[in-house]
2 protein chains.
Amino acid sequence: MSTSEKSGYHHGDLRAALLTTAMQMLEAGESFSLRAVARGAGVSATAPYRHFADRDALESALAGEGFRDLRADLVGDGELPASLDDLAEFGVAYVSFALRRPALFRLMFGTPCDDENDERVRAAAALNELLAQALAQVAPGADAGALADAGWGLAHGLACLYLDGKLVAGSSGEVEARVRAAFAAVTANVG
Amino acid sequence: MSTSEKSGYHHGDLRAALLTTAMQMLEAGESFSLRAVARGAGVSATAPYRHFADRDALESALAGEGFRDLRADLVGDGELPASLDDLAEFGVAYVSFALRRPALFRLMFGTPCDDENDERVRAAAALNELLAQALAQVAPGADAGALADAGWGLAHGLACLYLDGKLVAGSSGEVEARVRAAFAAVTANVG
DNA sequence: AGGCGAAAGTAAGCAGTGTCAACATCGGAG
DNA sequence: CTCCGATGTTGACACTGCTTACTTTCGCCT
């Protein structure tokens with residue numbers, strides 16, 4: 001009870017509270033409105049405008065969190081992939097993230113990106129760099145750029161297609177298996 | 001002037017007119033509203049409800065058109081790909097479609113799919129089947145399913161990433177080149 | 001301590017949206 | 001010719017993002 005509800009008028013840390021409730025709505029349901037977020041934080045409809053320029057700014061902040069979380073998921077055990085098999089696990093983790101937090105994933109990628117939000121751009125760039133490093137380490141000989149594009153593209157594409165139900169699998173275990181198979185089919189003799 | 005404006009009250013072929021204006025808005029700007037579409041067709045705000053259950057139904061119909069158009073683009077010259085190089089051209093065409101008609105592409109894939117729209121589902125399935133056929137023909141020996149997943153996933157992922165600006169290229173020619181390179185990096189020794 | 005400016009919140013309101021219910025109009029089958 | 005069902009219209013409701021103007025509170029300076 002350090003940074004919360006001090007007086008009833010001034011919230012204490014509204015910005016964080018708004019991000020939290022917005023993220024919860026994203027995880028639970030699907031869409032959210034600024035007004036609903038404000039309501040959830042127990043605050044008037046226009047209060048969020050003291051902390052976010054507009055709806056897009058809130059969404060960008062959430063997307064930034066999303067990129068950091070995704071990066072954390074990918075790098076989970078703290079090691080970059082050292083082999084092509086490890087690379088496939090990157091893909092599996094990427095797709096799992098998308099399926100586990102679909103609304104967030106859509107927010108991160110589905111929206112036309114306003115490239116004016118520093119935090120969001122930086123978080124996305126960090127993710128990009130992580131993938132490039134991983135790829136370069138796995139296949140030092142090959143065309144690193146093209147391979148990085150392909151790796152990210154494949155993971156991202158599978159994530160989107162499973163998310164949209166364009167590709168269908170019964171269980172999450174089956175999804176993982178098929179993602180591994182797709183990576184295997186393609187990395188068969190690379191490097 | 002065969003199927004248009006007969007009396008001023010009854011439109012003649014509102015459903016088609018709505019789809020046309022909605023598609024035009026999609027091509028030109030970004031988003032559209034049911035009301036704006038109705039306005040564009042010169043009709044009251046609620047008239048569309050005689051032809052579409054709700055906004056989603058209109059969007060699904062547009063998405064259906066999109067899937068058919070995409071299929072036509074991919075199969076343009078009338079031939080399925082006979083080699084891996086041809087397959088890369090599939091990917092190039094896929095990405096080009098996404099970049100040429102971004103709003104439509106987002107509508108087709110970005111929206112949580114309501115799988116109750118027959119037309120849309122059928123159109124998407126047709127596209128899926130086309131890709132599977134193509135892949136099976138190119139690499140008859142390999143794991144056809146996994147390869148089809150990988151091919152579609154790679155094309156789709158690159159399309160999304162370029163569309164969102166997560167991958168950046170100066171000209172459309174450069175995009176094409178990088179898509180080809182990504183496919184090449186990955187299909188190097190497949191089959 | 002006290003007061004004062006800025007920060008953080010509220011209230012009222014505008015334009016726009018998706019959708020519903022009730023009403024108007026017209027073309028075509030009987 | 002008449003009437004009925006398909007097609008369009010009007011009006012309204014609840015909701016949204018956002019602006020403007022007002023109020024409350026915090027914290028710093030003297």
Side-chain angles (χ1 to χ4, degrees), chain A residues 1-22 24-26 28-63 103 106-107 110-112 114 116-117, chain B residues 1-22 24-26 28-63 103 106-107 110-112 114 116-117:
Chain A
M1 47 205 74
S2 50
T3 58
S4 54
E5 36 192 312
K6 355 183 26 174
S7 73
Y9 191 106
H10 280 55
H11 180 285
D13 194 1
L14 221 204
R15 188 190 152 93
L18 292 171
L19 286 175
T20 301
T21 53
Q24 282 172 358
M25 290 180 171
L26 228 43
E30 266 288 321
S31 65
F32 65 87
S33 68
L34 257 195
R35 292 170 108 107
V37 171
R39 227 171 297 146
V43 106
S44 80
T46 56
Y49 286 91
R50 294 292 153 192
H51 301 273
F52 299 96
D54 54 15
R55 189 186 210 281
D56 262 13
L58 210 201
E59 288 192 355
S60 283
L62 289 172
R106 268 191 236 277
L107 193 72
T111 272
D114 60 333
E116 302 311 319
N117 184 298
Chain B
M1 47 205 72
S2 51
T3 60
S4 54
E5 38 192 311
K6 353 182 26 174
S7 74
Y9 192 104
H10 281 53
H11 179 285
D13 194 3
L14 221 204
R15 189 190 152 92
L18 291 172
L19 286 175
T20 302
T21 52
Q24 282 171 358
M25 291 179 170
L26 228 44
E30 267 287 321
S31 65
F32 65 87
S33 68
L34 256 196
R35 292 174 109 106
V37 171
R39 227 173 297 146
V43 106
S44 79
T46 57
Y49 285 90
R50 295 294 155 191
H51 302 272
F52 299 96
D54 53 16
R55 189 185 209 280
D56 263 14
L58 210 202
E59 289 190 357
S60 283
L62 290 172
R106 267 191 238 276
L107 194 71
T111 270
D114 61 333
E116 302 312 318
N117 184 298

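Sequence lines set the chain letters: A, B, ... in the order given, protein chains first and strands last, and positions in each chain run from 1. As the structure is a prediction and not an experimental result, all values here were calculated from the model.
- Across the protein-nucleic acid pair, A:Arg55 atom CZ and C:dG16 atom P stand 19 Å apart, rounded to whole Å.
- When all heavy atoms of B:Ala45 and B:Pro48 are compared, the closest pair comes out as O-CD, 3.4 Å.
- Rounded to a whole Å, the CZ atom of A:Phe52 is 12 Å from the P atom of C:dA8.
- In this structure, B:Leu34 places its CG atom 5 Å from P of C:dG18, rounding to the nearest Å.
- Near DNA chain C, meaning a heavy atom under 4.0 Å away, the residues from residues 40-49 of chain A are A:Val43, A:Ser44, A:Thr46, A:Ala47.
- Regarding A:Asp56, its CG atom lies at a distance of 11 Å from the P atom of D:dG17, rounded to whole Å.
- One interatomic measurement links the two molecules: CG of A:Leu58 to P of D:dG17, which rounds to 10 Å at whole-angstrom precision.
- Among the protein residues, B:Arg15 comes within range of no part of the nucleic acid, since none of its heavy atoms lies under 4.0 Å from any strand.
- By the side chain to side chain contact (heavy atoms under 4.5 Å, CB included) test, B:Ser44 pairs with B:Thr46, B:Ala47, sequence neighbours left out.
- Under the 4.5 Å side-chain criterion, counting only non-hydrogen atoms from C-beta, B:Arg50 is not in contact with B:Leu14.
- In this structure, the separation between OH on A:Tyr49 and CG on A:Leu34 is 5.0 Å, given to the nearest 0.5 Å.
- Both A:Arg35 and A:Arg50 lie close to DNA chain D; mapped to their nearest nucleotides by heavy-atom distance, the more 5′-ward contact belongs to A:Arg35.
- For the residue pair A:Ala61 and A:Arg15, the shortest heavy atom distance occurs at CB-NH2, 4.3 Å.
- In this model, the phosphate group of C:dA7 is not approached by any side-chain N or O of A:His51 to a distance below 4.0 Å at OP1 or OP2.
- In plain terms, the two heavy atoms of B:Ala38 and B:Leu18 that are nearest each other are CA-CD2, 4.3 Å.
- Within the 4.5 Å cutoff, the side chain of A:Phe32 has heavy atoms near those of the A:Leu62 side chain.
- Put simply, CD on A:Glu59 is 13 Å from C1' on D:dT16, counting in whole angstrom units.
- When rounded to the nearest whole Å, the span between CG of B:Leu14 and P of C:dG27 equals 15 Å.
- Straight-line distance from the CZ atom of B:Arg39 to the C1' atom of C:dA15: 11 Å, rounded to whole Å.
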